[in-house]
Amino acid sequence: MAAKTEETALGYEQARDELIEVVRRLEAGGTTLEESLALWERGEELAKVCRHWLEGARARLDAALAGPDDETDPATAAGPAED
């Protein structure tokens, strides 16, 4: 359940920036195996947080582009205009 708490606690940009730092540290080397494993695990958690935010953004965009499902176009809802 800690992952859900983390997803709501970290914003996308914050998680992304920390993930960039984790990757930088791993690429730089010079850490023990234990430190590298801890960094890798943290990177996986941060990647999940970022993925969660991006999936939510995608869903919101898809919903906005699709428009309301149960509403009809007001211009055609009343039928043809009577003169």
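Positions are given from 1, in the same order as the sequence printed here.
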Legend entry - R58/E55 salt bridge by N-O under 4.0 Å criterion: no

Inset, instruction - Please answer whether the main-chain N or O of L10 pairs with a side-chain N or O of W53 as donor and acceptor at a distance below 3.5 Å. - result: yes

Legend entry - Spacing of R24 atom CZ and L39 atom CG [to the nearest 0.5 Å]: 10.0 Å

Inset, instruction - Give the minimum heavy-atom separation between A15 and V49, together with the two atoms involved. - result: CB-CG1, 3.7 Å

Legend entry - Residue R16 excluded, over 12 heavy atoms near CZ under 6.0 Å: yes

Legend entry - Lys/Arg N to Asp/Glu carboxylate O, R42 vs E18, below 4.0 Å: yes

Legend entry - Minimal non-hydrogen separation, L19 against L46, with atom names: N-CD1, 3.6 Å

Inset, instruction - Measure the NE2-NZ distance between H52 and K48 for me, rounded to the nearest 0.5 Å. - result: 13.0 Å

Legend entry - Nearest-0.5 Å distance that lies between atom CD in E45 and atom SG in C50: 12.0 Å

